[in-house]
Amino acid sequence: MTRDGLYTHAELHRLLSPRSVAIVGVSPNAAAFGSRVMANLEAAQFAGTVFPVNARYERIGERVCYPSIEALPESPDCVLIAVPREAVPPIVAECAARRAGGVVVLSSGFAETGKAGRREQQDHMLELARAARMPLVGPNCIGMINYNIGLLATFQLVPQAGPPSEPGIGILSQSGALALALVQDVAHGPVFSHVLTSGNASDVDVADHIAYLAAESSCKAIACVFEGLRQPERLLAAAQCAHAAGKPLVVYKTGVSERGTAAALVHTGSRAGSRVEYQALFKRAGIVAVDNFEALLETTTFLAKAGRPKAAGVAVVATSGGAGIMAADKAEQYGVSLPQPRPAVRAVLEGVIPEFGSTQNPCDVTAQVLSSPEGIYASVDAFMGDDSYGAMVVPHVFAYDPSTERFKVYSEAAARHGKIACVAWVSEHLEERGALVVERDPHLALFRSMERCFAALAAWHELEAWRRSRGL
């Protein structure tokens, strides 16, 4: 471990990037959690070796089934335990004796129940793992995913996305269900590298996972959901690892209300902690905190695509005057600067925008672009080429083919000038008709809310100010 108590990348590597996986609790019953894990690994064509473990069977399907961890032909890198609670501690002890790389306890019923003796049982299990210097994830954990190697080590149905072709988003969560809810966005185009859950987080927690992903080249940015931490200050050290690697860290903290705090105790046995204290910690650590779950992936994806801002100003180019007004309202609400065009830009705008449009910022190129598309081409390029602006917001009002064709214009201009174009999806036609085009474009960021768009832009500039204040 580091001096801050974080697991090092080397200490977690066997567990989170294993070459061999043992599953304790596999059976001929396809609905059993262990069996579901094995089915996911097979469907994803996991690149390593899989060892089913169950003393009651000699074979599970085409695979040899081993009676115990001790009986395995080699020390497993990762052991997933899916058996009743009472049987878990002896298996953890067996894994420790066999020098396994790490353990993931899927089983529930420990400290999260609040029942007498259950926390003590969880603590005893932790003592066994710590004595062997063996990382332990869980208990009460849904599992984990490493798309780079086909490791779909979870009992839930998850997208079979295959290995990422480029660095992707790493998702971290105490709640497994929320993590997998996020990864379903893969259908819209985002690339994910890892999905790591921690459940009760008796040992390995989100801070350890953050530090691990900071050192993973396949991860470009980190999205994190958590309820509480035993030692919140460890988050500072983890965030420093992410900053040193140039990776944005975006957090959605749950359990900020009185009822939410009580629910966190029941869910994972976590003490959620003071909202004010965590907000101060996030600010100190340069962590981007979002106020709602729906903003987490949008903001993380945006930061991954946008890089660092070249200027504080933002341009708004709209085909609808009403949408431009919406953008102006949200820009003022979040303190995002919308500088007015300088003479050179204004001259371009006046040459292509009809008199019933607007050559201000926000700029209204009007519906005239349907018959004269050169107007929006020239306007977008003029704004993007001006060093007053580091980003552009394009309200997307109508989800139909003519407006989808404009995405190429925004993307090419953004790429040409090394900036980012944000598509604020105003249309209530949420899918198809271009959404996937935007999500998959490295120069375009999709927001399904004007408010979240400008909140993300504000956070981007605040993060840049934090970095500069620390010489990063």
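Just so it is clear, the structure is predicted and the values come from calculations on it, not from any experiment.
- Of the possible polar contacts, one joining the Gln122 side chain to the Ala111 backbone as a donor-acceptor pair under 3.5 Å is found.
- Geometric assessment of Lys253 against the ring of Tyr278 yields a positive cation-pi assignment under the 6.0 Å and 45° thresholds.
- Side-chain atoms of Ser17 never come within 3.5 Å of backbone atoms of His13 as a donor-acceptor pair (strictly under, hydrogens ignored).
- Between atom CG of residue Leu16 and atom CZ of residue Arg14 there is a gap of 12.0 Å, rounded to the nearest 0.5 Å.
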Exercise for review: Please lay out, stage by stage, how Leu235 and Ile210 fare under the test side chain to side chain contact (heavy atoms under 4.5 Å, CB included).
Suggested key: CA-CA 8 Å; Leu235 199 57; Ile210 289 167; 3.7 Å; yes

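- Side chain of Asn292 to backbone of Ala295: a donor-acceptor contact under 3.5 angstrom is found.
- The aromatic rings of Trp425 and His396 are tilted relative to each other, their planes meeting at an angle between 30° and 60°.
- Crowding of Arg284 atom CZ: a count of heavy atoms from other residues, nucleotides or ligands under 6.0 Å not exceeding 12.
- Note: Leu213 CG to Ser218 OG = 7.5 Å, rounded to the nearest 0.5 Å.
- A donor-acceptor distance shorter than 3.5 angstrom exists from the side chain of Arg118 to the backbone of Gly109, with no hydrogens or angles considered.
- If you run side chain to side chain contact (heavy atoms under 4.5 Å, CB included) between Ile149 and each of Ile145, Asn146, Leu152, only Asn146 comes through.
- Here the side chain of Ser411 pairs no donor or acceptor atom with the backbone of Phe407 at under 3.5 angstrom.
- With hydrogens and angles disregarded, no donor-acceptor distance shorter than 3.5 Å links the side chain of Glu70 to the backbone of Glu94.
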Name the atoms and distances for all side-chain donor-acceptor pairs under 3.5 Å in residues 30-37, with sequence neighbours left out.
unit_1 : atom_1 : unit_2 : atom_2 : d
Ser35  : OG     : Ser27  : N      : 3.1
Ser35  : OG     : Ser27  : O      : 2.7
Ser35  : OG     : Asn29  : O      : 2.9
Arg36  : NE     : Phe155 : O      : 2.7
Arg36  : NH2    : Phe155 : O      : 3.3

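- Counting only distance, with no hydrogens or angles, the side chain of Ser202 and the backbone of Gly138 share a donor-acceptor pair below 3.5 Å.
- Atoms CD and CG, on Gln174 and Asp205 in that order, are 8.0 Å from each other to the nearest 0.5 Å.
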Practice item. Please lay out, stage by stage, how His243 and Gln240 fare under the test side chain to side chain contact (heavy atoms under 4.5 Å, CB included). Key: CA-CA 5 Å; His243 286 304; Gln240 287 174 358; 5.7 Å; no

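- At a threshold of 4.0 Å, the pair Arg19-Glu74 does not count as salt-bridged, since none of the basic side-chain nitrogens sits closer than that to a carboxylate oxygen.
- To the nearest 0.5 Å, atom OH of residue Tyr66 and atom CD of residue Glu58 are 12.0 Å apart.
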Practice item. Start with the C-alpha gap between Asp208 and Arg234, add the side-chain angles, then the distance that decides, and say whether salt bridge (Lys or Arg N to Asp or Glu O under 4.0 Å) holds. Key: CA-CA 9 Å; Asp208 295 300; Arg234 294 170 72 250; 2.8 Å; yes

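- No donor-acceptor pair closer than 3.5 Å links the side chain of Ser107 to the backbone N or O of Pro84.
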Check your understanding: Given the rule in the side chain to side chain contact (heavy atoms under 4.5 Å, CB included) test, do Arg467 and Arg308 qualify, once you have shown the distances and angles that lead to the verdict?
Key -> CA-CA 10 Å; Arg467 285 167 166 164; Arg308 298 181 67 159; 3.5 Å; yes

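- Atom CG of residue Leu446 and atom NZ of residue Lys305 lie 8.0 Å apart, to the nearest 0.5 angstrom.
- In plain terms, the two heavy atoms of Leu15 and Gly101 that are nearest each other are CB-O, 4.1 Å.
- Here OG of Ser173 is found 7.5 Å from CZ of Phe293. Values are rounded to the nearest 0.5 Å.
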Review point. Could you walk me through whether Cys219 and Lys247 pass the side chain to side chain contact (heavy atoms under 4.5 Å, CB included) check?
Key: CA-CA 8 Å; Cys219 176; Lys247 299 181 182 182; 4.2 Å; yes

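- Contact record, Ala311 with His461: O-NE2, 3.5 Å, taken as the closest heavy-atom pair.
- A donor-acceptor pair under 3.5 Å is formed between the side chain of Lys419 and the backbone N or O of Tyr389.
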